[in-house]
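Remarks on the structure that follows.
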Amino acid sequence: MKILFLGAEVGPYASVGGLSQVLYFLPRALQQKGHDVRIFTARHGTMDTTGPGKKEWKLKPEIKNIKVPVYNTIQNEPIKGKPLFINCSVSSYSKAKAPKAYFLENKEYFTLRAHVFGYKDDHVRFALLSKGCLEWLLKLKEDNDDDWWPDVIHTNDWHTGYFVDLARNDKRYKSLLNKTPITFTVHNFYFQGNINFRYLAPKDRDTGVAPLAALNSTKLLKQNALLRGIINADEVNTVSPSHAIEVLTPEYAEGLEKTLNKVRGKITGILNGLDTKEFNPMTDPIIKNNYNLKNFVTARQKNKLLLQKEFTLSQNPKRPLIAVCGRISAQKGWDLILKMLPKLLLERPDVQVLVMGQGDERFQNELSIIQRDFSEQLSLHLQTDFRLPRRINAGADMVLIPSIFEPGGIVALEAMRYGAIPIVRRTGGLNDIVTEFNPNTGEGNGFSFKNKSSWSLYGAIITALTIYGQPKLWTRLVSNALSSDFSWEHAAREYEVWYKGVIEERKRATSATPHPAYST
């Protein structure tokens, strides 16, 4: 298949959050499976500092001048005295075994900006990115000098919802992409545009019916790009099967439950993968003692002793070491942790707890107070460190992830990859990643609880500690975790099936010949 990805940030060119990582690893995994994958994104100014060898990316000019229309063909006539076009260009970067990337260039909106996100005109910038991609596709078709044309276009998050809307509704692009299926992945339903739509007055809320406004119109800000992407895409998916079900409820839908339930037939979920080459306990240079399935018991004990020493905890490989890594916030379940933690440390003086991360000052202050009473059991590193989590996962016995909501669950994937057993609340991707360990059958890779209760979390920890006290069972559990397949190759296989299905659906929907089931 020929697959085109469209996204606001793509690693390694410009990387802010998880979206850039998905658009780095997934296209590469699909390319390795024999598909011809291309990526379209913006030429962000931050690329100057992220180039290979700290040098600027050497881009190849593709189209020197693309006049991106400010107005849409489904709107009224342009306003006199206002510009009709925004001048852009398209360049590319290609490297062996990696998908070819195309960049929309414009100094005012992208190249001279210091950041990828966070501007008052982000809605204009990403609507421009969407229209720029559509104009590039028009040029590709008009020139007819390249036999590459996408079999499917994969758009991502609210930034590209404008693309989906215009591709299906604007006269300039409708016929061009009539037979080309467009998929839309929502990585986070909270972000729907450049404002918080949940606080708009009912009369100002976008229904997705009115034509998309011009790039220089004040109306564009109040048009919900995520909503429009969901409505107009052929298929919609999110980053885990469980989260695809959760978002049909008011608790997780971020105000879009009515729309999502109307189109629920085209919503699915595919779990993100993990870069198993980068996160590999056998070769990772960040950890001291490398290991695999054959020698993990001894190596992990050595790593545990080093971890205990580094964080001034009593060095004893038999004492259970529980870690909590990442952002310290209510979403990550810290209200539950702080209610439970003093009781756990009091009842189980053998337990050690290591916390790494930063966030809400209220939670950090409470942690410091608890540490005063349990200084020999609780160690705090209230800072962000992108290398430390691997060392923690390589030595800690368990990792707490009691999230209130968690669409993907990458922390659990990383923990299991290194043999640290996750204790999670059953929500989103965590529900799909963690299988409850059964001591009778020896199956499962972690522990879990369901209710948003500190006592439920406490109970799951006690269950885990009980299994930890039985070395043979614990070794089996760690082996299960290390053997779990959550690679991007596994994710790519699921996307292959999804793409093939949406291609067939679009083909039937646009075919002049009726489906046999409907013929007489």
Side-chain angles (χ1 to χ4, degrees), residues 1-7 10-13 15 17-39 94-101 150-156 183 185 187 235 237-244 268-286 290-294 296 390 393 407-420 422 428-435 445-446 478-503:
M1 287 177 283
K2 296 180 177 69
I3 306 164
L4 174 65
F5 281 85
L6 174 62
V10 178
Y13 313 110
S15 185
L19 172 61
S20 69
Q21 299 305 303
V22 174
L23 293 189
Y24 175 85
F25 291 114
L26 179 57
R28 279 164 172 72
L30 289 163
Q31 182 103 334
Q32 290 171 7
K33 292 179 72 63
H35 303 290
D36 190 347
V37 184
R38 310 284 173 96
I39 303 167
S94 57
K95 186 178 179 181
K97 297 182 180 180
K100 187 174 183 178
D151 295 312
V152 60
I153 298 173
H154 188 155
T155 60
N156 296 268
T183 64
T185 294
H187 300 264
E235 292 285 334
N237 87 312
T238 186
V239 293
S240 71
S242 289
H243 195 56
T268 189
I270 300 176
L271 195 66
N272 281 337
L274 183 71
D275 179 17
T276 52
K277 290 184 178 179
E278 176 74 16
F279 294 90
N280 186 349
M282 187 61 192
T283 58
D284 193 339
I286 293 175
N290 297 105
Y291 54 92
N292 56 23
L293 274 170
K294 295 180 180 179
F296 69 85
R390 299 198 204 181
N393 288 332
I410 189 69
V411 174
L413 294 180
E414 293 176 4
M416 285 196 293
R417 178 65 173 156
Y418 286 78
L430 298 174
N431 185 58
D432 301 310
I433 292 166
V434 176
T435 305
N445 55 23
V478 175
S479 177
N480 292 351
L482 289 168
S483 303
S484 299
D485 182 10
F486 293 110
S487 64
W488 275 109
E489 181 183 356
H490 178 82
R493 288 196 296 270
E494 293 196 46
Y495 273 101
E496 278 183 314
V497 175
W498 190 50
Y499 292 147
K500 288 175 182 176
V502 72
I503 288 170

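Computed from heavy atoms alone, side chains included, the values below leave out hydrogens, waters and symmetry copies. In this chain, numbering begins with 1 at the start of the sequence shown.
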Atom [atom1] of [X] and atom [atom2] of [Y]: how far apart are they, to the nearest 0.5 Å?
X: Leu19; Y: Asn156; atom1: CG; atom2: CG; answer: 5.5 Å
X: Ile3; Y: His35; atom1: CD1; atom2: NE2; answer: 5.5 Å
X: Asp284; Y: Arg417; atom1: CG; atom2: CZ; answer: 10.0 Å
X: Glu494; Y: Ile270; atom1: CD; atom2: CD1; answer: 5.5 Å
X: Ile39; Y: Leu6; atom1: CD1; atom2: CG; answer: 10.5 Å
X: Lys100; Y: Gln31; atom1: NZ; atom2: CD; answer: 11.5 Å

| said: Please evaluate residues Arg38 and Asp36 with respect to the criterion side-chain contact (heavy atoms from CB on, under 4.5 Å), reporting the C-alpha separation (whole Å), side-chain torsions for both, the decisive distance (0.1 Å), and the verdict. | reply: CA-CA 7 Å; Arg38 310 284 173 96; Asp36 190 347; 3.3 Å; yes
Provide the closest heavy-atom pair for [X] versus [Y] in the form atom of the first, atom of the second, distance.
X: Gly409; Y: Leu430; result: CA-CD2, 4.0 Å
X: Leu23; Y: Gly7; result: CD1-CA, 3.6 Å
X: Leu26; Y: Ala492; result: CD1-CA, 4.3 Å
X: Pro150; Y: Leu4; result: CB-CB, 4.0 Å
X: Ala244; Y: Gly269; result: CB-N, 3.8 Å

Are the side chains of [Y] and [X] in contact, using a 4.5 Å heavy-atom criterion?
X: Leu413; Y: Ile433; answer: yes
X: Asn431; Y: Ser240; answer: no
X: Thr283; Y: Asn290; answer: no
X: Phe279; Y: Asn393; answer: no
X: Tyr13; Y: Ser20; answer: no
X: Leu482; Y: Val478; answer: yes
X: Trp488; Y: Asn272; answer: yes
X: Gln21; Y: Ser15; answer: yes

| query | Distance only, no hydrogens: is a donor on one side chain within 3.5 Å (strictly under) of an acceptor on the other, for Tyr24 and Asp275? | reply |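 On atom types as modelled, these side chains do not qualify, holding no pair under 3.5 Å.
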| message | Is a donor from one side chain sitting under 3.5 angstrom from an acceptor on the other, for Thr268 and Asn237? | response |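 Note: Thr268 and Asn237 side chains miss the donor-acceptor criterion.
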| query | Would you call Glu489-Arg493 a salt bridge at under 4.0 Å N-O? | reply |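 Looking at Arg493 together with Glu489, the answer is yes, because their closest N to O distance falls below 4.0 Å.
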| request: Output yes when a side-chain donor or acceptor of Asn292 lies under 3.5 Å from a complementary backbone atom of Met282, and no otherwise. | output: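 Not at all, since once roles are kept as given, no pair shorter than 3.5 Å links the two residues.
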| said: Between Thr155 (side chain only) and Thr183 (backbone N and O only), is there a donor and an acceptor less than 3.5 Å apart? | reply: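 Side chain of Thr155 to backbone of Thr183, a donor-acceptor pair under 3.5 Å: yes, one is there.
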| said: Show, in sequence, the C-alpha distance, side-chain angles and deciding distance for Val10 and Phe5, and conclude whether the side-chain contact (heavy atoms from CB on, under 4.5 Å) test is met. | reply: CA-CA 10 Å; Val10 178; Phe5 281 85; over 6 Å; no
| task | Any chance you could lay out the ring-ring contact (aromatic ring centres under 6.0 Å, His included) test for Tyr495 and His154, step after step, and finish with the verdict? | result | CA-CA 10 Å; Tyr495 273 101; His154 188 155; 5.7 Å; yes
